[in-house]
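Here the structure is laid out as structure tokens; the discussion comes afterwards.
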2 protein chains.
Amino acid sequence: MRRRYITIKDIAKALDISVATVSRALRDKYDVSFETRQKVLDMAAELNYKPNFNATGLVQRSTHNLGIIIPSITNYYFSTVITGIQRVAQENGFNIILYLTNDSPEAEVTIVKNLAGSSLDGLLACVSAHANNCSHFQEMIDDGLPVVFFDRVASEIQTSKVMQDDYNGAFAAVEHLISCGYKRIAHITGPKGLFLTENRMKGYYKALEKYGLSLNEDVIIHSGFSQQDGEADVRQLFGAGKDRPDAIFAVNDRKGIGAILALKKLSVQVGKEVGVVGFTNDPISQIISPTLSTVSEPAYEIGKIACELLLKHIRKTNFPAEQVTLSGELIPRESTSRSQNFIIS
Amino acid sequence: MRRRYITIKDIAKALDISVATVSRALRDKYDVSFETRQKVLDMAAELNYKPNFNATGLVQRSTHNLGIIIPSITNYYFSTVITGIQRVAQENGFNIILYLTNDSPEAEVTIVKNLAGSSLDGLLACVSAHANNCSHFQEMIDDGLPVVFFDRVASEIQTSKVMQDDYNGAFAAVEHLISCGYKRIAHITGPKGLFLTENRMKGYYKALEKYGLSLNEDVIIHSGFSQQDGEADVRQLFGAGKDRPDAIFAVNDRKGIGAILALKKLSVQVGKEVGVVGFTNDPISQIISPTLSTVSEPAYEIGKIACELLLKHIRKTNFPAEQVTLSGELIPRESTSRSQNFIIS
DNA sequence: CAGTTTTCCGGCAACGTTAACGTAAACGTT
DNA sequence: AACGTTTACGTTAACGTTGCCGGAAAACTG
């Protein structure tokens with residue numbers, strides 16, 4: 001139980017006017033003269049008045065809180081998206097409340113079901129990797145809570161979504177590998193069923209098709225999104241008795257990093273013997289040796305736009321759902337360069 | 001303006017009892033019979049009742065929101081601390097609200113001053129790098145808002161604080177460098193005046209002193225905490241006409257990474273010629289080549305304990321301030337190994 | 001100058017919940 | 001049988017704010 005704060009009643013009493021007038025004056029609305037408004041503002045500043053969001057929220061049926069549901073924040077992409085969201089939210093006087101699912105669908109459902117409806121004005125969501133069902137989000141929307149998806153979107157739900165151009169990004173990545181002369185290109189990707197995974201895979205297929213390379217299901221591995229997953233995938237691809245690929249397209253940089261590390265352990269010369277390209281442009285991709293070729297993702301921009309869209313949904317009921325796709329850029333680095341000579345350390 | 005939610009009034013009306021009884025039944029308190037409690041619970045489930053936090057917050061003078069003020073979240077340490085905080089908060093039914101200062105003292109002051117007091121039950125804070133004054137935090141505390149500092153603490157403020165053992169960690173790092181035979185050890189550190197910076201510097205001094213190495217102010221550089229700062233510091237240390245150091249103790253891994261990259265650009269063999277040790281045990285320190293020796297920080301644990309302490313302050317007024325120091329561990333890797341041979345890529 | 005409009009302000013109810021208090025019925029006690 | 005106790009509920013007043021309505025005073029109209 002906190003100390004009592006200054007309220008508009010205190011201001012009203014101090015100036016011997018009514019609370020209604022104070023309220024209007026503070027919100028700069030109709031029906032209040034210049035002088036009284038000035039007096040109220042001065043007194044509010046003097047008493048260090050802070051509005052009580054619980055009270056305003058109660059009467060206006062709104063808090064100024066936006067929820068963010070995200071698998072984790074300990075990687076470059078997610079933390080940058082959140083930074084973008086936070087920036088827009090702060091500029092517009094909204095708080096962001098963070099919920100972490102740890103990529104567990106059960107945790108996600110629990111969190112969403114427990115979202116006390118009234119304590120949130122809107123929701124930004126990135127679905128967990130192994131989600132098989134998104135009806136809990138649909139329920140929120142039916143309840144009248146605006147929801148905007150980013151990155152890992154729930155394709156079956158009709159609402160605004162913001163993502164990078166997974167299809168064309170993947171296409172560019174694989175096209176780049178092909179243009180470097182790699183022929184047998186593996187794809188280590190995320191869980192099946194995820195829209196993001198599907199789209200990057202389609203780009204991969206399309207590039208192979210365009211350049212007349214045969215599609216080989218053996219070199220496509222579905223697993224999680226972590227560095228460890230990347231390492232394990234490569235160990236599998238390069239296991240004994242396998243027909244080894246000469247290039248790897250990883251669904252993201254973390255898996256690409258894992259791939260490079262695993263290849264180095266296998267004494268494979270990355271770039272020269274086996275090309276690797278990732279997706280994200282995580283700063284770490286410039287630090288690893290050899291540096292990792294990748295496709296940049298506008299993470300900050302995605303967060304920013306997602307939040308802006310959510311605010312539009314909040315401010316205007318029945319704001320039509322928009323689907324925004326931001327394009328990235330291919331960034332060739334050493335991991336797809338055959339000319340250089342990298343020594344295994 | 002959201003759709004109206006089910007309230008306890010609806011439940012009361014449906015069962016033809018009073019709202020007070022419903023309220024008591026839902027909170028499992030005194031003065032309600034087993035049968036009516038059961039009826040209320042069933043009806044609440046049937047109607048999908050969700051409590052309105054604005055209303056409870058208003059009457060109890062509390063929300064279930066904890067604020068986190070932090071310079072940024074796009075690095076391993078901070079995002080991991082937040083993950084720890086989030087976990088504890090979620091388990092205890094608290095939300096966390098994120099505020100980012102971007103290491104700008106002005107932004108920090110603005111954010112703290114605008115924290116609508118009534119919308120927060122407590123505050124976790126990590127002060128910005130160039131803060132010269134922490135009176136805005138003191139004001140919050142005087143206002144009755146519990147505040148707990150973590151990592152970068154404001155030493156002059158009397159409240160609970162959680163941090164790693166900067167002094168002994170730094171001592172261990174420098175002692176390790178000395179034991180590896182490095183003699184002229186530079187220290188690239190954070191801004192002056194920060195408690196964390198001071199403590200790590202004291203550990204550095206102490207190790208030099210213990211092993212009879214002379215202290216040379218020329219090889220101590222104060223700057224920011226980023227990788228770029230680390231690179232710039234090394235360029236300065238290894239500039240023309242300088243008496244070059246043969247080892248670098250970086251205040252954190254990001255600067256250590258920057259140092260390694262800069263040294264590689266200068267064609268200096270890291271480890272063999274110049275040893276580098278960082279602080280944090282960021283995963284990236286195992287990915288860079290050569291891998292970076294470091295002192296681990298229990299980031300998740302720090303977040304967890306900070307949040308637990310804050311909850312204690314919230315639940316019990318005048319809970320005595322505690323100062324928790326967690327010890328890390330020296331992790332020697334290639335960047336301080338003279339035997340190995342690293343080729344510059 | 002009477003009548004009409006505008007300006008400015010106060011009173012009151014409401015938002016959903018809880019705490020304090022009141023009370024009727026049932027139960028125990030001697 | 002008369003009294004206190006306990007149990008289980010209802011009534012009411014807050015919490016801080018805003019929206020609606022009404023009304024007095026001031027300003028404008030012809």
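Every chain is numbered from 1, with letters handed out A, B, ... down the list of sequences.
For A:A55 and A:I17, each mapped to the nucleotide of DNA chain C holding its nearest heavy atom, the one lying further toward the 5' end belongs to A:I17. Along DNA chain D, the nucleotide nearest B:A20 and the nucleotide nearest B:L58 are compared for position; the residue whose nucleotide lies closer to the 5' end is B:A20.
Distance from the side chain of A:R27 is smallest to D:dT18 among D:dA14, D:dT18, D:dG16. Comparing atom distances between the B:K9 side chain and each of D:dC9, D:dT18, C:dC15 picks out C:dC15 as nearest. Set against D:dG10, D:dT18, C:dC9, the side chain of A:T36 has C:dC9 as its closest nucleotide. The A:T56 side chain lies nearest to D:dT17 when the options are D:dT17, D:dC9, D:dG19. Listed nucleotides: C:dG11, D:dT18, C:dG16. Nearest to the side chain of A:S18: C:dG11. Distance from the side chain of B:S33 is smallest for D:dA8 among the nucleotides C:dG16, C:dC9, D:dA8. Listed nucleotides C:dT17, D:dT18, D:dC9 differ in distance to A:V59; the shortest reach to its side chain belongs to D:dT18.
A:E108 places a side-chain N or O within donor-acceptor distance of the main-chain N or O of A:S128, the cut-off being under 3.5 Å. A donor-acceptor pair under 3.5 Å links the side-chain atoms of B:T159 to the main chain of B:V147, judged by distance alone.
Put simply, CG on A:D31 is 15 Å from P on D:dT18, counting in whole angstrom units. Regarding A:E35, its CD atom lies at a distance of 18 Å from the P atom of D:dA25, rounded to whole Å. If you measure from atom CG of B:L26 to atom P of C:dA19, you get 13 Å, rounded to the nearest angstrom. Distance NE2 (B:H64) to C1' (C:dT17): 14 Å, rounded to an integer number of Å. Atoms CD1 (B:I8) and P (C:dC15) sit 12 Å apart, rounded to a whole Å. D:dC15 atom P lies 10 Å from atom CG of A:D10, rounded to whole Å. Taking atom CD on A:Q60 and atom C1' on D:dC20, their separation rounds to 15 Å, with Å as the unit. Rounded to an integer number of Å, the gap from A:R37 CZ to C:dC9 P is 9 Å.
Between A:R61 and C:dA14, a side-chain N or O to OP1/OP2 separation shorter than 4.0 Å is absent. The side chain of A:S23 places no N or O atom within less than 4.0 Å of a non-bridging phosphate oxygen (OP1 or OP2) of D:dT17. Taking only side-chain nitrogens and oxygens, B:Y49 comes nearer than 4.0 Å to OP1 or OP2 of C:dT17.
Put simply, SG on B:C126 and CE on B:M163 are 12.0 Å apart, with the number rounded to the nearest 0.5 Å.
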Full working for salt bridge (charged side-chain N to carboxylate O under 4.0 Å, His left out) between A:K113 and A:E139 = CA-CA 9 Å; A:K113 297 248 179 202; A:E139 279 179 34; 3.3 Å; yes
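Within the 4.0 angstrom heavy-atom criterion, no nucleotide atom of any strand lies near B:F34.
Donor-acceptor pairing under 3.5 Å, judged by distance alone, is present between the side chain of B:R24 and the base of D:dG10.
A salt bridge links A:R87 to A:E91: at least one charged side-chain nitrogen sits closer than 4.0 Å to a carboxylate oxygen. At a threshold of 4.0 Å, the pair B:R152-B:D103 counts as salt-bridged, since one of the basic side-chain nitrogens sits closer than that to a carboxylate oxygen. A salt bridge links B:E308 with B:K304: the closest approach of a Lys/Arg side-chain nitrogen to an acidic carboxylate oxygen falls below 4.0 angstrom.
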Is there any protein nitrogen or oxygen under 3.5 Å from a nitrogen or oxygen in nucleotides 25-28 of chain C, and what are the pairs?
none

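Considering B:T56, B:D121, B:N54 in turn, B:D121 is the only one that fulfils the side chain to side chain donor-acceptor pair (under 3.5 Å) rule with B:T63.
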